[in-house]
**Student:** 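Before I ask anything, here is the structure I am working with.
Ligands are counted one by one from 1 in listed order, and the atoms in each one are counted from 1 as well. Keep in mind that the numbers below use all heavy atoms, side chains included, and drop hydrogens, waters and symmetry copies. It should be emphasised that the depicted structure is a prediction, and the values quoted were computed from it without experimental measurement.
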Amino acid sequence: MIIQFEQDINESQKEAIINRIKGLKYKPTEVKTQKGTYLIGIGKKNFDIRSIGSMDGIKDIHIVSDDYKLVSKKWKVNHTTIDLGGGVKIEEGGFQIMAGPCSIEGEEQIRKTIAHLKENGVSIMRGGVFKPRSSPYAFRGMGIDGLKLWYELAKEAGIKIVTEVMQVSQIEEMDPYVDIYQVGARNTQNFNLLDELGKNTDKPVMIKRGISGTIDELLYSAEYVFSAGNERLLLCERGIRTYEKATRNTMDLNAIAVLKEKTHLPVIADPSHGIGIRDFVEPIALASIMAGADGVIYETHEKPEEAYSDGQQTLNFPESAKLIDRMKKTFALRESF
Ligand code: PEP
Ligand code: MN
């Protein structure tokens, strides 16, 4: 069950509610986020919710049969909107594009990417400064100095930043420069990191699906962040590892449709990592939109063949401009149904 407390609930009302929940053999956990205070009750017994719902201090009570609670669509009719300020929103019935290089490489690259995004009406730039690389000898990112440089240029241009956080100790130093934290596929189940992103920042967090993670596991990861205090969350389907060798990963379009049904959180598609081959990024991006994605994140670079990472799946700027145009048309088609 999820109980939403009234804003002005007092301690004795809270105590009475918690005692009632315990009396039903439900385990109560209090959750305080930017948006409200909730009591999550975990238990099995059937009870009449009206007997609790009428108690003082309760705004609403919901039975949620899913094992994850706060991220479930069962209790929250309205989809979550992520408002980044400056008129940039990720929301139901809208469509956001996040584009940029796999890795931030330097000032010239940042400037050129920002110019390309602005020319094409894109407001959110992706890029990694802390890079999880399969080989320790590969480029591992420009680090915090790269992020600060990027932030200055992005701010000037009115462009928002989405970038990966790899460990707890990075949150504090990154926080002033980030618009959306990305939790990468290798960290989807780093529960300490998820907990800290719940407790120590109010910035939105986009959680990518684990390399061999299930849809439910992704939802549990989001539940970690929400229950630790941060409900500004997005989910990202980025392909999973299967027995198929013809592509880098297998983009699970099913997951997009299923997630839209299971959760009120926005769902973003990453066709670049999802298929891993430049020529197929566009069809998979367009298919993701038709499957219901609220946004697409993909990799672009002025010279993909010279990119420090993931060049094989990165679009050059003309390819990127064509994709943006086709995504907008595809979104308009979906909305016309
Ligand atoms: C990335 O976005 O460049 C990245 C490393 O993504 P993922 O965690 O999905 O592999
Ligand atoms: Mn990449």
**Student:** What atoms of ligand 1 come closer than 4.0 angstrom to any heavy atom of R238?
**Tutor:**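 Listed by number with element, the hits are 7 (P), 9 (O), 10 (O).
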
**Student:** Give a yes or no on whether E244 atom CD has more than 12 heavy-atom contacts from other residues, nucleotides or ligands under 6.0 Å away.
**Tutor:**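 Atom CD in E244 is packed in, count exceeds 12.
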
**Student:** Quick one: nearest non-hydrogen protein atom to atom 6 (O) of ligand 1, plus distance?
**Tutor:**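 Protein heavy atom with the smallest distance to atom 6 (O) of ligand 1: K208 NZ, 2.9 Å.
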
**Student:** So that I can tick it off, tell me whether R209 and D252 are bridged by a salt bridge, with the cut-off set at under 4.0 angstrom between side-chain N and carboxylate O.
**Tutor:**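 Yes.
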
**Student:** Check the orientation of F226 and Y38. Use parallel for under 30°, tilted for 30 to 60°, and perpendicular for over 60°.
**Tutor:**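 Ring orientation of F226 relative to Y38: perpendicular.
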
**Student:** Check the pair N230 / T201 against side chain to side chain contact (heavy atoms under 4.5 Å, CB included), numbers first and verdict last.
**Tutor:** CA-CA 7 Å; N230 186 354; T201 182; 4.0 Å; yes

**Student:** Identify the protein heavy atom lying closest to atom 4 (C) of ligand 1, giving its residue, its atom name and the separation to 0.1 Å.
**Tutor:**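 It is H273 NE2, 3.5 Å.
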
**Student:** Specify the protein heavy atom at minimum distance from atom 8 (O) of ligand 1: its residue, its atom name, and the distance to 0.1 Å.
**Tutor:**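 Going atom by atom, the protein heavy atom closest to atom 8 (O) of ligand 1 ends up being A185 N, 2.7 Å.
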
**Student:** Is the closest basic N to carboxylate O distance between E92 and K260 below 4.0 Å?
**Tutor:**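 Yes, this pair counts.
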
**Student:** Out of curiosity, is G128 lining ligand 1, as in a heavy atom under 4.0 Å away?
**Tutor:**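 No; G128 lies far enough from ligand 1 that no heavy-atom distance drops under 4.0 Å.
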
**Student:** Does any N/O atom on R186 come nearer than 3.5 Å to any N/O atom on ligand 1?
**Tutor:**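 N/O-N/O distance under 3.5 Å: yes.
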
**Student:** With atoms numbered from 1 as shown, which atoms in ligand 1 lie under 4.0 angstrom from a non-hydrogen atom of C102?
**Tutor:**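 By the 4.0 Å cutoff, the relevant atoms are 3 (O).
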
**Student:** Between D66 and K74, does any side-chain N to carboxylate O distance fall below 4.0 Å?
**Tutor:**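 Salt bridge flag = yes for K74 with D66.
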
**Student:** State whether the shortest distance between N or O atoms of Q182 and N or O atoms of ligand 1 falls below 3.5 angstrom.
**Tutor:**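 Yes - when backbone and side-chain N and O of Q182 are compared with those of ligand 1, one distance drops under 3.5 Å.
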
**Student:** On the 0 to 90° scale, with breaks at 30° and 60°, tag the Y26-F47 ring pair as parallel, tilted or perpendicular.
**Tutor:**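 Aromatic pair Y26/F47 classed perpendicular.
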
**Student:** What orientation do F317 and H116 show, parallel under 30°, tilted 30 to 60°, or perpendicular over 60°?
**Tutor:**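 Geometry flag for H116 against F317: parallel rings.
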
**Student:** Would you say R209 contacts ligand 1, with heavy atoms under 4.0 Å as the rule?
**Tutor:**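 It does not, in that no heavy atom of R209 comes within the 4.0 Å cut-off of ligand 1.
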
**Student:** Is the shortest side-chain N to carboxylate O distance from E152 to K148 below 4.0 Å?
**Tutor:**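 Salt bridge: no.
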
**Student:** Number the atoms of ligand 1 from 1 as they appear, then name those within less than 4.0 Å of a heavy atom of E299, with their elements.
**Tutor:**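 The atoms of ligand 1 under 4.0 Å from a heavy atom of E299 are 3 (O).
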
**Student:** Find all atoms of ligand 1 within a distance of less than 4.0 Å from any non-hydrogen atom belonging to G184, and give their numbers and elements.
**Tutor:**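 That gives atoms 8 (O) of ligand 1.
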
**Student:** Regarding atom 2 (O) of ligand 1: of the candidates R133, M206, R126, which has the closest heavy atom?
**Tutor:**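 Looking at heavy atoms only, the winner is R126.
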
**Student:** Can you tell me the N, O or S atom of D310 that's nearest the Mn ion (ligand 2)?
**Tutor:**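 This turns out to be OD2.
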
**Student:** Tell me which N, O or S atom from E299 is the closest to the Mn ion (ligand 2).
**Tutor:**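 Minimum-distance N/O/S atom of E299 relative to the Mn ion (ligand 2) is OE2.
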
